[in-house]
Visitor: 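What follows is a structure written as C-alpha cells; I'll ask about it next.
The chain is numbered in sequence order, starting from 1.
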Amino acid sequence: NQLMQGTKVFAQGMMAERKAAAGGGGGRALSEERKNASDAGVIQFAGCRDDQTSADASIGGQVTGAMSWALMTSLSQCHNKTTYEALLESVRKLLAGKYSQVPQMSTGRPVDLSSPFML
C-alpha cells in the first residue's frame, strides 16, 4: 500500500511537471524540495559511481554484470542475513582489484545502514 501510494505521488508529480514544462494550462510547478523527496522506502544499489562504467563479466561461463554477480555472491555467503552496510562492503570487496567500479547505495530517505537488509 505504501509503495503504491509513493508510485501514485511520483506519477502525479511527473505529469504536473510535464504540463508545466509544456506550458499546459493548470500544470503546477513542483518545488525543488518536493521533486527530491520520496514517500517510499526506496533503496538502490548501483554498479558504480556516476563517473564510472559498470563492467560486464563472464564468470563461471555465465555472462553477467560484475556487480550483479558480486551482489548475488554476497547474499548467498551471508545466507540473506546481513546489514545494508555489511552487504555494500562485501560487494565492494568482491569487486576490488578485479574491476575499477565502486558499487554505490542510495536511498529515498534516511536509512539506518546498520539495520538488517531486507528484500
Side-chain angles (χ1 to χ4, degrees):
N1 189 15
Q2 188 178 17
L3 177 62
M4 292 305 294
Q5 181 183 8
T7 302
K8 182 178 176 184
V9 169
F10 175 78
Q12 289 171 339
M14 292 301 291
M15 289 187 310
E17 186 174 48
R18 283 189 191 139
K19 283 181 184 178
R28 62 178 174 80
L30 299 176
S31 70
E32 278 301 310
E33 183 178 307
R34 184 65 201 140
K35 280 190 212 176
N36 294 325
S38 174
D39 292 328
V42 177
I43 299 174
Q44 171 188 319
F45 285 88
C48 62
R49 295 187 315 249
D50 288 345
D51 65 335
Q52 297 177 315
T53 301
S54 289
D56 289 329
S58 179
I59 300 169
Q62 298 290 320
V63 177
T64 185
M67 195 287 199
S68 297
W69 165 80
L71 180 63
M72 297 304 292
T73 300
S74 294
L75 287 171
S76 176
Q77 289 174 349
C78 73
H79 305 290
N80 295 330
K81 293 181 182 177
T82 188
T83 65
Y84 289 97
E85 182 176 30
L87 180 59
L88 182 60
E89 183 179 321
S90 174
V91 168
R92 287 178 172 175
K93 282 182 181 179
L94 285 170
L95 295 178
K98 298 175 188 161
Y99 302 94
S100 60
Q101 70 193 65
V102 180
Q104 304 294 303
M105 184 179 76
S106 59
T107 64
R109 58 183 174 196
V111 171
D112 178 4
L113 298 179
S114 65
S115 63
F117 171 77
M118 295 172 48
L119 286 176

Visitor: Does S100 offer a backbone N or O that forms a donor-acceptor pair with the side chain of Q52 under 3.5 Å?
Guide: yes
Visitor: Does E89 have any salt bridge (Lys or Arg N to Asp or Glu O under 4.0 Å) partners at least two apart in sequence or in another chain, and if so, which?
Guide: K93
Visitor: So, taking the atom named CD in Q44 and the one named OG in S106, what distance separates them when rounded to the nearest 0.5 Å?
Guide: 4.0 Å
Visitor: Would you say L71 and M118 are hydrophobically clustered, going by side-chain heavy atoms of ILVMFWY under 4.5 Å?
Guide: yes
Visitor: Taking M105 as the fixed residue, which of L113, L87, V91 is the one that meets the side-chain contact (heavy atoms from CB on, under 4.5 Å) rule?
Guide: L113
Visitor: Nearest 0.5 Å please: distance from the CG atom of D56 over to the OH atom of Y99.
Guide: 9.5 Å
Visitor: For the atom pair CD1 (I59) and CD (Q62), what is the distance rounded to the nearest 0.5 Å?
Guide: 10.0 Å
Visitor: For G47 and Q101, which heavy atoms make the closest approach, and how far apart are they?
Guide: O-NE2, 2.9 Å
Visitor: Indicate yes or no for a side-chain donor-acceptor contact from S74 to the backbone of A70 under 3.5 Å, with no hydrogens or angles considered.
Guide: yes
Visitor: Determine, stepwise, if the pair I43 / F117 fulfils side-chain contact (heavy atoms from CB on, under 4.5 Å).
Guide: CA-CA 10 Å; I43 299 174; F117 171 77; over 6 Å; no
Visitor: A quick test of your reading: do over 12 heavy atoms of other residues, nucleotides or ligands sit less than 6.0 Å from CG of D50?
Guide: no
Visitor: Are M72 and L119 co-members of a hydrophobic cluster defined by side-chain heavy atoms under 4.5 Å apart?
Guide: no
Visitor: V102 and Y84: same hydrophobic cluster, using ILVMFWY side-chain contacts below 4.5 Å?
Guide: no
Visitor: Okay, side chain of R92, backbone of P103: is any donor-acceptor separation there less than 3.5 Å?
Guide: yes
Visitor: Is there a chain of hydrophobic side chains (I, L, V, M, F, W, Y, each step under 4.5 Å between heavy atoms) that links F45 to V42?
Guide: no
